[in-house]
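Worth knowing before you read on, the calculation uses all heavy atoms, side chains too, and leaves out hydrogens, waters and symmetry mates. FYI, the numbering just counts along the sequence from 1.
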Amino acid sequence: MANIQVAIDGKDAVSATEELLSISGISGEYTTPAETEREGVVTTIATIVGIVGGSMAIAEQIRKWYLEYKQNKSGKTIAKVLIVGKNGERLLLEGATAEQINQILSS
């Protein structure tokens, strides 16, 4: 499996990224490029190097994770999340369905 990139923007991008990578079935790492921090907004770039289990189940967990952060349930917020698939296809998670996320993960 080729790497899948996930860019997360927001005040709590680091903690959101750590939580994303802690989802059961996902393995990866992230960086916080210094040049991306501006006006209190941080961007992290996560690289998912492995998905264990069904990609649809992982897609549903990613969607749930995103909605929890967008709805500010944990008191932490993110502005946007962009997934770039191994074929270069891009998907903003705003309004994305689990099926669309699955397509990026499995393509």
Side-chain angles (χ1 to χ4, degrees):
M1 163 183 263
N3 296 343
I4 297 168
Q5 302 287 316
V6 182
I8 302 170
D9 287 341
K11 184 182 77 161
D12 296 305
V14 172
S15 60
T17 305
E18 290 170 348
E19 190 172 323
L20 171 68
L21 293 175
S22 72
I23 292 174
S24 179
I26 294 179
S27 63
E29 55 191 37
Y30 75 95
T31 61
T32 307
E35 66 274 8
T36 63
E37 187 169 343
R38 62 201 178 284
E39 298 177 20
V41 176
V42 177
T43 298
T44 60
I45 308 296
T47 303
I48 298 174
V49 295
I51 296 177
V52 178
S55 61
M56 188 61 188
I58 299 294
E60 289 171 355
Q61 290 179 0
I62 290 172
R63 185 170 182 278
K64 180 182 174 191
W65 160 85
Y66 175 76
L67 290 174
E68 286 177 0
Y69 269 89
K70 284 304 283 188
Q71 295 168 356
N72 198 16
K73 289 184 178 177
S74 64
K76 297 180 181 180
T77 60
I78 54 176
K80 70 178 181 179
V81 177
L82 173 70
I83 298 178
V84 181
K86 56 189 170 193
N87 62 1
E89 189 175 353
R90 296 170 178 259
L91 176 67
L92 277 172
L93 289 190
E94 182 70 36
T97 65
E99 290 79 15
Q100 291 171 313
I101 297 168
N102 181 48
Q103 184 177 4
I104 294 285
L105 296 178
S106 57
S107 63

Verify the cluster assignment for [X] and [Y]: are they in a single hydrophobic cluster under the rule of side-chain heavy atoms below 4.5 Å apart?
| X | Y | answer |
| --- | --- | --- |
| V49 | V84 | no |
| W65 | M56 | no |
| I104 | L92 | no |
| I4 | L91 | yes |
| I23 | I48 | yes |

(request) Taking all heavy atoms of A98 and all of A59, pick out the closest pair and write down the distance. (result)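 Residues A98 and A59, closest heavy atoms: O-CB, 3.4 Å.
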For [X], what residues pass the side chain to side chain donor-acceptor pair (under 3.5 Å) criterion, not counting sequence neighbours?
| X | value |
| --- | --- |
| E89 | none |
| Q61 | none |
| T47 | Q5 |

Could you tell me the separation between the [atom1] atom of [X] and the [atom2] atom of [Y], rounded to the nearest 0.5 Å?
| X | Y | atom1 | atom2 | value |
| --- | --- | --- | --- | --- |
| L93 | L82 | CG | CG | 8.0 Å |
| I51 | I26 | CD1 | CD1 | 6.0 Å |
| K86 | L105 | NZ | CG | 9.0 Å |
| T97 | N102 | OG1 | CG | 9.0 Å |

(request) For the residue pair Y66 and I83, establish whether any side-chain heavy-atom pair is separated by less than 4.5 Å. (result)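 No, too far: nothing below the 4.5 Å cut-off.
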(request) Check whether any side-chain heavy atom of V6 sits under 4.5 Å from a side-chain heavy atom of I62, and report yes or no. (result)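 V6 does not reach I62 side chain to side chain.
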Less than 3.5 Å apart, which donor and acceptor atoms pair up between the side chains of residues 15-22 and the rest of the protein, not counting sequence neighbours?
unit_1 : atom_1 : unit_2 : atom_2 : d
S15    : OG     : D12    : O      : 3.2
T17    : OG1    : A13    : O      : 2.7
T17    : OG1    : T44    : OG1    : 2.4
E18    : OE2    : Y30    : OH     : 2.8
E19    : OE1    : Y69    : OH     : 3.0
S22    : OG     : E19    : O      : 2.7

(message) Per the salt bridge (Lys or Arg N to Asp or Glu O under 4.0 Å) rule, what does the pair list look like for residues 42-71, sequence neighbours excluded?
(response)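 As it turns out, the salt bridge (Lys or Arg N to Asp or Glu O under 4.0 Å) pairs with a partner in residues 42-71, which skip direct neighbours, are K70-E94.
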(request) Step through the shown structure and confirm whether more than 12 heavy atoms of other residues, nucleotides or ligands are within 6.0 Å of CD on Q103. (result)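 Atom CD in Q103 is not crowded, with 12 or fewer foreign heavy atoms closer than 6.0 Å.
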